[in-house]
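Residue numbers start from 1 in every chain, and the chains themselves are labelled A, B, ... in the order their sequence lines are given, proteins ahead of strands.
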Amino acid sequence: MHRWSELFIPTLREAPADAEVASHKLLVRAGYIRQLGAGIYSFLFLGNRTTQKIMKIVRQEMDKIGQEFYLPAIHPREVWEESGRWTVMGENMFRLKDRKGADLCLGMTHEEIMTDIARKELRSYKQLPQIWYQIQTKFRDEPRPKSGLLRVRQFIMKDSYSFDIDATELDISYLKHYDAYCRIFDRCGLKYMVVEAHSGAMGGSQSHEFMVRTPAGEDLIVSCEKCNYAANMEKATSKLAAIEELKPEGDGQPLLIHTPGKGAIADVAEFLKISAKQDIKTVAYMAQKPGDDGKTQEQPVVVFLRGDHSVNETKLLTLVKASNLRPMQTEELEKYFQGPAGFIGPIGLVVKPKEALGEWDPKKQAGDPRAVTVVLDEALSGRTNMICGANELDYHLKNVMPGKDFQYTVASDVRSVVAGEDCPNCGAALRIDTAVEIGHIFKLGYKYSESMGARVLDRHGKEVAPIMGSYGIGIERILTAAVEQSNDENGFWLPPSIAPFEVVVVATNTSDDKIRTTAEDITRQLEGAGFDVVLDDRDERPGVKFKDADLVGMPFRVNVGKKVTEGMVEVVQRSTRQSTDVKISAITEYFKGLLPPLG
RNA sequence: CGGGGCGUAGCGCAGCCUGGUAGCGCACCUGCCUUGGGCGCAGGGGGUCGUAGGUUCAAAUCCUAUCGCCCCGACCA
């Protein structure tokens, strides 16, 4: 029997001053966690019980589709060099040296290690498909750990990896994970949504993120209330209302107009009595990418989009296969546009051909030194009679038509969706929320199997690289998300499946023998029926015990008090505060109707 | 890495400007009391004031450096 009086549950009346988000404050106050350093936390009794329950659910569902391994956390440098990520991971990776001076790192994720096993052992298509998973501690030297358990430097992750003979088979492994993840998060009692995510510049074809809405989240997700459209900001798009085009003036050719001192879009629009929607915004970047020699390569990228839109830099990075963007400086603007900041525009640019998109090989960069990658946002396709900068101080152009009056390297969706725009599926209004990512499934492709040399023979005897997928779940984030989702000023409540205890039995007055023994009896009964119960038998005033019970996350409380003389106790549901008088003799039956048996 | 803030008892804070005995609330220990929402009374324990230098007769307080933590930004396969 778990007696509170003998347990270590250090609850706090006040939250630590440096806690900001609800889950952080409450998990500390409830005695689940204590901080050791920035982004490093100890899990105490209650916190550990919960994460163990979460892991049990994850394990049960993963065992239905895969096999659990246990892999090292310390990795030799060589494996990470083979995949190229020893360099790519940069400062985010914890590195150390052993006594012989050999380089090692703490694993941030385990693609390399799993692929290493695969290449040494897998020989034939007959051994595929394989799904291997593990639940392991990961280390990331975050530049800025924050928000309690949300962004930390050490955390537990369930990660799995699939090896398939071809893309069709990968689809099956991917779908298995998708379904397993839904079962896991359902069982953990989370309200989550699945969003399409961008798969990054490093290859990979499909990716979904499992997100929980919360103000503490760091990711933005776009979703439709009407249909089930949901996407990551970096992937989201929207249907735009038709724009009323300006009338052409003169012969319809671009026409120079004097706009003295009106550089900004808003000024131009006001000066010309037009809407920003009729203006072309020009955003000029230098795209950056680390070169093979370790030096940063740069190339000019210019985006044209509707005056009231803004560039989504992640979309753009993916499009031009770059790792970073910086705004062009004045001299660079003058070099490529031959015009002054504020009045730059598309006409007169030397446009790189479509084949040059995403091309970084310096040998293929020869040609006109003024050549730039020009990206036209799709929202400008087919537009007519627009206003744009003339590349001349204090002048703009009228009657400009993308595609006719200027060329571009590529037309693509590179703008950010704005809340209230129309859903691309059903046309209803889109909303944008912050959310926390609790799971991510990802079609990796051949990146690791190719670079690390995993090969199997296919049914024709031909040597091929297996195609891979990688899939992660943040264990602590499930807890954090659950707390974020269900809390008030007094504390939080967890879904019974992951709460440290499903029921707390409060003996309101321990000096009353009848009350004390009844509370013990009830606890014993409920335990006997398979429920997870803790008995609060502390010699405290009832108020103290009620406050604690409200704080620490148990979904149900049984108050054993004066009504024992009538054979009754109260059952209080934490989430609703609803209190029900229940006959002591019927208490087990009552909970059987409320709670599913423990798995 | 840029900007800001904070390090004084387990937690929350005051004291610092204007140098001179280290304080308050909660928590903790003992006793009494109380027992349906952090109850009351009495007594008590606990802090090299983040660390290291410096100035001074004297430093929590002034100066310098350094470490740590938090927030905003950058970053986040």
Side-chain angles (χ1 to χ4, degrees), chain A residues 8 10-21 24-25 28-29 31 34-41 80 83-93 107-112 138 140-148 150-153 155 157 159 161 197-204 207 209 217-219 234 288 313-314 317-318 323-326 436-437 440-445 447-448 451 468-472 474 490-491 506-512 515-516 536 538-551 557 559-564 569-570 572 577 579:
Chain A
F8 183 62
T11 58
L12 260 28
R13 198 185 290 235
E14 285 174 290
D18 50 17
E20 198 80 1
V21 300
H24 186 196
K25 289 182 189 166
V28 172
R29 282 191 57 204
R34 287 294 185 260
Q35 180 170 11
L36 179 63
I40 311 175
Y41 287 86
W80 284 77
S83 68
R85 296 208 298 177
W86 180 261
T87 322
V88 172
M89 287 310 185
E91 304 263 75
N92 280 332
M93 191 149 75
M108 308 175 67
T109 169
H110 282 72
E111 278 82 0
E112 280 81 357
K138 310 284 175 178
R140 296 188 186 177
D141 193 359
E142 288 288 342
R144 185 148 98 78
K146 57 186 277 200
S147 307
L150 234 39
R151 177 162 293 276
V152 288
R153 297 197 291 173
F155 57 97
M157 180 165 146
D159 51 326
Y161 304 87
H198 79 111
S199 11
M202 300 301 274
S207 170
E209 288 172 346
E218 300 183 282
D219 296 315
E234 284 81 51
Q288 300 177 314
E313 296 194 350
T314 311
L317 283 172
T318 309
S323 60
N324 205 16
L325 293 169
R326 68 164 176 86
V436 51
E437 177 186 345
H440 195 167
I441 56 177
F442 192 85
K443 288 186 184 172
L444 272 180
K447 178 174 159 53
Y448 297 90
S451 63
M468 293 173 60
S470 118
Y471 318 85
N490 296 309
V506 176
T508 55
N509 182 353
T510 40
S511 47
D512 182 320
I515 288 177
R516 205 188 61 246
D536 192 347
R538 290 175 298 169
D539 181 21
E540 291 282 359
R541 295 174 58 85
V544 173
K545 291 189 260 198
F546 293 157
K547 285 285 184 192
D548 274 343
D550 284 349
L551 175 63
R557 178 173 101 211
N559 285 344
V560 183
K562 290 181 183 117
K563 290 178 197 158
V564 288
V569 291
E570 290 160 10
V572 182
R577 288 295 174 91
S579 170

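Judged by Watson-Crick or G-U wobble contacts below 3.5 Å, the nucleotide B:G2 has B:C72 as its partner. Using Watson-Crick or G-U wobble geometry with both donor-acceptor distances under 3.5 Å, B:C16 finds no partner in any strand shown. Figure legend. B:C26 is base-paired to B:G10; pairs are counted as Watson-Crick or G-U wobble with both atom distances under 3.5 Å. The partner of B:G31 is B:C41, by the rule that a Watson-Crick or G-U pair needs both atom distances under 3.5 Å. In this entry B:A65 has B:U51 as its Watson-Crick or G-U wobble partner, both defining distances falling under 3.5 Å.
In terms of position on RNA chain B, the residue among A:M108 and A:P16 whose nearest nucleotide sits closer to the 5' end is A:P16. Nearest-nucleotide mapping onto RNA chain B: of A:N324 and A:A38, the residue sitting toward the 5' end is A:A38.
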Apply side chain to side chain contact (heavy atoms under 4.5 Å, CB included) to A:R85 and A:T109, showing your working.
CA-CA 11 Å; A:R85 296 208 298 177; A:T109 169; 3.2 Å; yes
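Listed for the A:D536 side chain is a donor-acceptor partner under 3.5 Å among the backbone atoms of A:R538. One N or O on the side chain of A:R153 and one on the backbone of A:A38 form a donor-acceptor pair closer than 3.5 Å. A donor-acceptor pair under 3.5 Å is formed between the side chain of A:T508 and the backbone N or O of A:V560. No donor-acceptor pair under 3.5 Å is formed between the side chain of A:R140 and the backbone N or O of A:N92. A:R34 places a side-chain N or O within 3.5 Å of a backbone atom of A:V28 that can act as its donor or acceptor partner.
Nucleotides B:C41 and B:G23, compared at atom C1', are 23 Å apart to the nearest Å. Nucleotides B:C69 and B:C11 place their C1' atoms 16 Å apart, quoted to the nearest Å. A gap of 9 Å separates the P atoms of B:C16 and B:G20, to the nearest Å. Comparing the C1' positions of B:U64 and B:C70 gives a spacing of 24 Å, expressed to the nearest Å. A distance of about 41 Å separates the P atoms of B:G40 and B:A59, rounded to the whole Å. Spacing of C1' atoms, B:C49 relative to B:G68, comes out at 16 Å, to the nearest Å. Comparing the C1' positions of B:C62 and B:G25 gives an interatomic distance of 30 Å, to the nearest angstrom. B:C76 and B:A60 are spaced 46 Å apart, taking the P atom of each and rounding to whole Å.
Taking CD of A:E234 as the reference point, atom CD of A:E313 lies at 11.0 Å (rounded to 0.5 Å). Considering OG1 of A:T87 and CE of A:M93, their distance stands at 8.5 Å, rounded to 0.5 Å.
A straight line from CG of A:L36 to P of B:C69 spans 10 Å, rounded to a whole angstrom. Between the CG atom of A:D141 and the P atom of B:A77 there is a distance of 15 Å, given to the nearest Å. Atom CG in A:L317 sits about 11 Å away from atom P in B:A77, given to the nearest Å. One atom, CG of A:N92, and another, C1' of B:C1, lie 13 Å apart when rounded to the nearest Å. In this entry the distance linking CD of A:Q35 with P of B:G68 reads 13 Å, nearest Å. Rounded to whole angstrom, the span from the CZ atom of A:R144 across to the C1' atom of B:G2 amounts to 12 Å. Nucleotide B:A27 holds its P atom 11 Å from the CD atom of A:E14, rounded to whole Å. When the C1' atom of B:A77 is taken as reference, atom CD of A:E112 falls 10 Å away, rounded to whole Å.
The base of B:C76 is not paired with the side chain of A:R140 by any donor and acceptor separated by under 3.5 Å.
The residue A:A15 sits close only to the backbone: its heavy atoms come under 4.0 Å of sugar-phosphate atoms, none of a base. Across all strands, A:P143 comes closer than 4.0 Å to base atoms (heavy-atom distances).
Closest to the side chain of A:K146, out of B:C76, B:C69, B:C71, is B:C71.
Side-chain contact between A:S207 and A:H440 is present, with heavy atoms from C-beta onward closer than 4.5 Å.
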Each nucleotide of nucleotides 31-38 of chain B classed B (base within 4.0 Å of a protein heavy atom), S (only sugar-phosphate) or -, in 5' to 3' order, makes ---BBBBB
